[in-house]
Amino acid sequence: MLVYKFGGTSLGTADRMKSVADLILSDPRQKIVVLSAVSGTTDNLIKLSNSDIQNGDILLQEMVKQYKDYVAGLLSNEACITSAKEFLGETFHSLRTALHQQKPNDEKWFVAFGEFISTSLFSFLLIERGVNSAYLPALDFMRSVEGEPDLGQISILLKNVLEAFEPKDVYVTQGYICRNENNQTDNLRRGGSDYTATIIGAVLKAEEIQIWTDIDGVHNNDPRIVQGTRAIEKLSYAEAAELAYFGAKILHPLCVRPAREAGVPIRLLNTLNPTATGTLIDKENPMSQGGAKAVAAKDGITAINIRSSHMLMAHGFLRKIFEVFEIHKTSVDMITTSEVAVSLTIDDDRNLENIVNDLKDYGTISVEKDQTIICVVGSFGKDEMAAAVKVLLPLQNIPIRMISSGGSASNISILINAKYKKDALEALNKGLFAIG
Ligand code: ASP
Ligand code: MG
């Protein structure tokens, strides 16, 4: 079994969805296809769930028109067109009814329709093409508890769902959406379809998980900011997880974990350039060359500095500091310490005021917003000579606020003010990859 996942841009037009069908059908192996919503639809549904009736109705009309055209471009078999129109009629009727009832807090119920629509239309296309396929409703097996996927339950439920069918060549299911412990429609947060794909791949011990987007795999630097980046052929699970977490937008930050635990490789491929090699994420290759492989940047970081003479020779100080972050449910990304001060970073500053107030009990606090973490990923084992020097040397003209190295052998992170980000990424491109 293979798992294929396609993102919203790969489904952005009817022609693109048809190319997705061509692509999966060119591989004879049995597969589960996980789809996101057509690009723009999730945003529209979020808007819809928060709209008043008047604006909501206007938005619904636009969506009805968009999907009417989409179906016209997608299907040619009369029976399939009729079924697709009926399906869309019912879908938009449900959405309109919900909009007019104006129940609060049902955004998650609304957004799920993005994936219902894309997977249903894709299933009609497969039927039209005579493919031996089945539609698997993700809400029948994707479960979450306290906002996190419950792999134990998912494994049992998915296997039951699959056993209910005669074997099929292609199964189609929704990414992103799930049911929570209260049986409500929920989701795995924005970009969560990648996570669905790796969870399914992991619980079924798939041969491979293929994540198809609109770029040739993970690049060695941010292609939106620096010129001359290139796709990396191979990454270890650890390197890919660091890159996804620290800003490489191509992957959901948590999606590497299930694949890594199950030992299933992930391949990142490009629907717009299907013959490109892409990036293979797999077990660490002990023979692989050391040094830097890629750079990513994570914006919107806040640095907090706690300066305290109590810290001198004291034990238990860090525990008290971290407890404040725990109480305010905020995770810490980077940390550096000196004898009298600690600096750390957070990316979620919703509880910043409360955090700062509580930290004042332990010292003098200063806060700097608009910081960027530059994360350099590669093999920086302790035998790797002067890894940090190689990373820092190109940055000699950039003021560095924090450096974190040695936490893991696959990452060196540097905190800078966001205004130096472009210069830093370009300097690293030149210094580490001899580009530019
Ligand atoms: N449709 C969802 C989103 O836009 C999930 C995904 O695309 O992975 O975030
Ligand atoms: Mg995505």
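The basis for the numbers below is simple: all heavy atoms, side chains too, and nothing from hydrogens, waters or symmetry mates. We count residues from 1, following the sequence as given. Just follow the structure's listing: the first ligand is 1, and inside any ligand the first atom is 1.
Listed by number with element, the atoms of ligand 1 under 4.0 Å from a non-hydrogen atom of S36 are 6 (C), 7 (O), 8 (O). Near G191, meaning under 4.0 Å from one of its heavy atoms, ligand 1 places the atoms 3 (C), 5 (C), 6 (C), 8 (O), 9 (O). Near R190, the atoms of ligand 1 lying under 4.0 angstrom from a non-hydrogen atom of the residue are 3 (C), 4 (O), 9 (O). Listed by number with element, the atoms of ligand 1 under 4.0 angstrom from any heavy atom of T42 are 1 (N), 2 (C), 3 (C), 4 (O).
Contact annotation: for E115 versus ligand 1, heavy atoms closer than 4.0 Å belong to the side chain alone.
At least one donor-acceptor pair closer than 3.5 Å links the side chain of K31 to the backbone N or O of D27. Side chain of S83 to backbone of A79: a donor-acceptor contact under 3.5 angstrom is found. Looking at H252, its side chain does come within 3.5 Å of a backbone N or O of L254 through a donor-acceptor pair. D150 places a side-chain N or O within 3.5 Å of a backbone atom of Q153 that can act as its donor or acceptor partner.
A heavy-atom distance below 4.5 Å is found between the side chains of R143 and L157.
The shortest heavy-atom distance from G8 to ligand 1 is not under 4.0 Å. Residue G7 places every heavy atom at 4.0 Å or more from ligand 1.
The distance criterion of under 3.5 Å between nitrogen or oxygen atoms is not met by R189 with respect to ligand 1. Residue-to-ligand polar distances keep D194 apart from ligand 1: every N/O pair is separated by 3.5 Å or more.
In this comparison of S193, C255, A37, the heavy atom closest to atom 6 (C) of ligand 1 sits on S193.
R260 and D282 are not joined by a salt bridge, as no carboxylate oxygen comes within less than 4.0 angstrom of a charged side-chain nitrogen.
A cation-pi arrangement, defined by a distance under 6.0 Å to the six-membered ring centre and an angle within 45 degrees of its axis, is present between K298 and Y245.
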